[in-house]
Amino acid sequence: MPAQAVERLQAQISAAVGADVELERPKDASHGDFATNVAMRSAKSVGRPPRELAAELAARIGEVDDVDSTEVAGPGFINLRLADSFFIAALSEVGDGYGGGWAAAAPERVQVEMVSANPTGPLLVSHARNGAYGDSVARLLAFGGHAVQREYYYNDAGAQVDRFRASVDALRRGEPVPEDGYHGDYVRDLAAQDGDPLPRMLASIEGTLERFRINFDSWALQSELEQRLPEFMPRLDTYEKDGAVWARSSAYGDEQDWVIIRSADKGGTPTYRAADIVYLTDKLDRGFDKAVYVLGADHHATARWYAAIARMLGYDESRVEVLLYQFVHLTGGGEAAKLSKRAGNVVFLDELLDQVGVDAARWYLVNRGPDQTIDIDLELAAEKSNKNPVYYVQYAHARIAAILRNADASGAFVASRHKLENEERELIKRLTDFPVTAREAADRRGPQLIPAYAIRLADEFHRFYHECRVIGSPEEAFRLGLCRATQQVIARCLDLVGVEAPERM
RNA sequence: GCGCCCGUAGCUCAGUGGAAGAGCGGCGGCCUUCUAAGCCGUUGGUCGGGGGUUCGAAUCCUCCCGGGCGCACCA
């Protein structure tokens with residue numbers, strides 16, 4: 001028997017109708033608690049007018065337990081109204097892990113590689129979007145029951161790192177930073193200290209990530225992976241041209257071939273694509289069923305490259321998944337600024353966090369779908385932050401915490417036979433949406449569904465709070481249970497996007 | 001030129017085949033009772049445009065317009 005009340009109801013109605021029925025939640029509450037389009041979908045194959053079929057199916061659905069009434073609406077929707085008993089039963093199912101664990105029967109080992117910014121400077125706001133998005137996807141997958149590992153890939157070899165070190169060295173010699181070098185203030189700070197600046201940069205990045213609440217399990221180094229290239233060469237489809245070694249990726253679905261080892265006059269060193277090959281193999285051979293890459297929109301072409309090298313190496317390319325997100329544009333007072341780490345006119349993630357806090361930053365960055373470019377006006381960010389919906393959701397959580405504190409609520413769930421107030425029904429209904437929403441967000445790699453849902457849930461709670469007294473009411477025990485359930489789901493939503501659930505505000 | 005993404009309310013954006021939404025902004029109300037970071041009412045949209053598929057399209061296909069990003073022996 002399905003675990004969730006809505007799934008059970010769906011199964012019962014499907015049996016009554018004799019077809020697979022999907023229940024949806026009408027946006028308009030006057031259309032009932034649930035609705036189904038089954039009549040419209042099957043009208044054609046049955047060869048009957050949709051509304052006529054709907055009327056017949058509605059009568060049968062009306063016989064199902066917990067269905068109070070049905071009506072045919074519009075072109076053939078069947079709207080259902082459910083008995084209070086359904087909602088009370090549904091509420092009793094909300095507990096630890098509610099809405100998660102859907103993959104428990106077939107869990108996968110998933111690696112999510114994210115951020116992976118060049119260690120040539122502090123993390124920027126664009127990297128924060130990578131992390132906020134990737135980490136939320138990782139949290140959703142873990143919530144679903146998968147074994148998730150987060151990894152950061154350091155491009156600690158190659159031209160960019162050489163330029164970075166050269167910039168620091170130049171300053172130490174009292175010379176100006178080369179034209180193509182790194183010019184930010186942080187380079188001066190590093191130059192003032194002894195030793196290789198790279199380890200200090202790595203430590204700085206890891207500190208920022210921790211502050212941003214992304215906990216990496218492992219770090220991969222390009223410099224180490226590169227060294228294993230010779231053992232891979234026999235497995236690769238390559239050829240020489242113009243003195244360089246090329247991977248024949250075009251034969252495996254990519255748009256073109258790419259140099260993996262530079263010609264002698266360019267140094268004869270491996271390109272980052274060579275490291276890509278070793279790294280991809282390394283990931284899959286470590287036992288991950290799936291390797292997820294989180295990349296900015298400027299890397300969209302590399303999705304084909306990864307698929308191509310997976311095929312070249314004989315792996316199932318479906319084990320490689322690339323998640324793309326669009327850029328973050330920063331404006332100051334409405335004026336767009338071209339941002340570049342090398343030019344030094346950038347906004348660091350740490351500065352953003354100083355200004356708006358981790359909660360608002362993470363919410364803001366994950367709130368938009370990954371396909372949507374983000375514009376942040378830094379001058380407005382700080383003052384707007386108090387209006388950020390994240391506080392609306394957190395406030396609902398804190399309000400519940402206050403009620404539970406005041407009531408000293410420790411009892412178990414108590415069912416009630418009282419007629420549910422409208423606000424109680426709507427709040428419980430919203431709770432029953434959560435399992436569907438969480439799973440869809442995970443399947444679609446769309447964590448933005450979670451903040452959108454959390455706002456609606458907080459909305460229902462605030463309304464309930466306003467209309468229904470908890471402490472001292474005849475239904476206190478039941479309502480405390482409703483509060484606890486709501487608090488759990490809100491806390492879960494906040495956690496899924498890396499935001500804290502405060503007890504007080 | 002080729003490829004990827006976007007165009008929904010004044011602003012920022014949800015909504016990936018089912019009955020157009022939220023926040024902010026604007027206007028007007030509600031605190032002797034569990035947190036007013038709240039609640040209620042109101043204002044506001046030819047879903048960029050044309051054509052197509054479908055019982056049904058913001059959503060899928062196609063063309064056009066507008067914007068972002070890519071097409072390195074940088075990463």
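Just so we're clear, the structure is a prediction, and the values are computed from it rather than from any experiment. In what follows, every chain begins at residue 1, and chains take the letters A, B, ... in the order their sequences are listed.
- Under the 3.5 Å distance criterion, with hydrogens and angles disregarded, a donor-acceptor pair is assigned to the side chains of A:Gln394 and A:Asp359.
- When the P atom is used for both B:C27 and B:G21, the distance is 25 Å, rounded to whole Å.
- Taking only distance into account, the side chain of A:Asp298 never meets the base of B:A75 through a donor-acceptor pair shorter than 3.5 Å.
- With a 3.5 Å ceiling on both atom-pair distances, the Watson-Crick or G-U wobble partner of B:G3 is B:C69.
- The distance between atom CE of A:Met40 and atom P of B:G17, rounded to the nearest whole Å, is 14 Å.
- Going from the P atom of B:G29 to that of B:A58 covers 39 Å, rounded to whole Å.
- Side chains of A:Tyr325 and A:Asn130: a donor-acceptor N/O pair is present below 3.5 angstrom, by distance only.
- In this structure, A:Gln394 reaches neither bases nor backbone, as no heavy-atom distance under 4.0 Å exists between it and the strands shown.
- Across all strands, A:Pro389 comes closer than 4.0 Å only to sugar-phosphate atoms, never to a base (heavy-atom distances).
- B:G18 and B:C74 are spaced 48 Å apart, taking the P atom of each and rounding to whole Å.
- Cation-pi geometry between A:Arg399 and A:Tyr395 is not satisfied (NZ or CZ under 6.0 Å from the ring centre, within 45° of the ring normal).
- Within 4.0 Å (heavy atoms only), A:Gly76 reaches no atom of the nucleic acid at all.
- To the nearest angstrom, C1' of B:G21 lies 14 Å from CZ of A:Arg25.
- Side-chain contact check for A:Asn367 and A:Gln448: no donor-acceptor pair (N or O, by modelled atom type) lies under 3.5 Å.
- Relative ring orientation between A:Phe164 and A:Tyr182 is described as perpendicular, the plane-to-plane angle rising above 60° on a 0-90° scale split at 30° and 60°.
- In this entry the distance linking NZ of A:Lys266 with C1' of B:C73 reads 6 Å, nearest Å.
- Of the two residues near RNA chain B, A:Arg41 and A:Gln448, the one whose nearest nucleotide lies more 5' is A:Gln448.
- Whole-Å rounding puts the A:Asp257 CG to B:C71 P distance at 17 Å.
- Checking A:Asn118 against A:Tyr154 by side-chain atom types alone, no donor-acceptor pair falls below 3.5 Å.
- A donor-acceptor contact shorter than 3.5 Å links the side chain of A:Gln10 to the backbone of A:Leu23.
- Comparing the same atom, P, in B:G10 and in B:C5 gives a spacing of 28 Å after rounding to whole Å.
- Rounding to the nearest 0.5 Å places NZ of A:Lys283 at 6.0 Å from CD of A:Glu151.
- Straight-line distance from the NZ atom of A:Lys44 to the P atom of B:C55: 3 Å, rounded to whole Å.
- Nucleotide B:G18 has B:C55 as its partner under the Watson-Crick or G-U criteria, with both atom distances under 3.5 Å.
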Per-nucleotide protein contact string for nucleotides 2-10 of chain B, where B marks a base within reach and S marks sugar-phosphate only (heavy atoms under 4.0 Å, - for neither): -BSSS----
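- Nucleotides B:C71 and B:G17 place their C1' atoms 35 Å apart, quoted to the nearest Å.
- Within the 4.0 angstrom heavy-atom criterion, base atoms lie near A:Asp242.
- Side-chain contact check for A:His418 and A:Glu424: at least one donor-acceptor pair (N or O, by modelled atom type) lies under 3.5 Å.
- Contact annotation for A:Leu449: backbone-only contact, meaning every heavy-atom pair under 4.0 Å involves sugar-phosphate atoms and none involves a base.
- Taking the six-membered ring for Trp and thresholds of 30 and 60 degrees, A:Trp258 and A:Trp305 have ring planes more than 60 degrees apart, a perpendicular arrangement.
- Base pairing of B:C24 is made with B:G10, judged by Watson-Crick or G-U wobble geometry with both donor-acceptor distances under 3.5 Å.
- For the C1' atoms, the distance from B:G45 to B:C64 is 23 Å, rounded to whole Å.
- Each of B:G70, B:C73, B:A19 was ranked by its minimum atom distance to the side chain of A:Ala301; first place goes to B:G70.
- Here B:A75 presents its P atom at 15 Å from CD of A:Glu113, a figure rounded to the nearest Å.
- Heavy atoms of A:Asp276 sit nowhere under 4.0 angstrom from any nucleic acid atom.
- Residue A:Leu23 contributes atom CG, which lies 14 Å from atom C1' of B:G18 at whole-angstrom precision.
- Shown here, B:C74 forms no base pair; nothing in the strands shown gives a Watson-Crick or G-U wobble contact with both key distances under 3.5 Å.
- Rounded to whole Å, the P atom of B:A75 lies 44 Å from the corresponding atom of B:G49.
- Across the protein-nucleic acid pair, A:Arg262 atom CZ and B:A75 atom C1' stand 10 Å apart, rounded to whole Å.
- In terms of position on RNA chain B, the residue among A:Ile78 and A:Arg456 whose nearest nucleotide sits closer to the 5' end is A:Arg456.
- Atom CG of A:Leu221 sits about 10.0 Å away from atom OH of A:Tyr279, to the nearest 0.5 Å.
- For A:Thr271 and B:C73, a side-chain-to-base donor-acceptor distance below 3.5 Å is absent, hydrogens and geometry of angles not being considered.
- If you check every strand for non-hydrogen atoms under 4.0 Å, A:Ala303 touches nothing.
- Regarding the sugar-base torsion, B:C69 falls in the anti class, its angle being beyond 90° of 0.
- Aromatic ring orientation, A:Trp246 versus A:Tyr239: parallel (interplanar angle below 30°, classes split at 30° and 60°).
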Contact state string [nucleotides 32-39 of chain B, B base, S sugar-phosphate only, - no protein heavy atom under 4.0 Å]: -BBBSBSS
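- B:A37 makes up no base pair with any nucleotide shown, lacking Watson-Crick or G-U wobble contacts both under 3.5 Å.
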Chi angles and distances behind the side chain to side chain donor-acceptor pair (under 3.5 Å) call for A:Tyr272, A:Gln160: CA-CA 11 Å; A:Tyr272 72 96; A:Gln160 299 296 348; over 6 Å; no
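- Contact of A:Arg444 with B:U16 (side chain to base): a donor-acceptor pair of N or O atoms is detected under 3.5 Å.
- Using P as the reference atom, B:G44 and B:A22 are 14 Å apart when rounded to the nearest Å.
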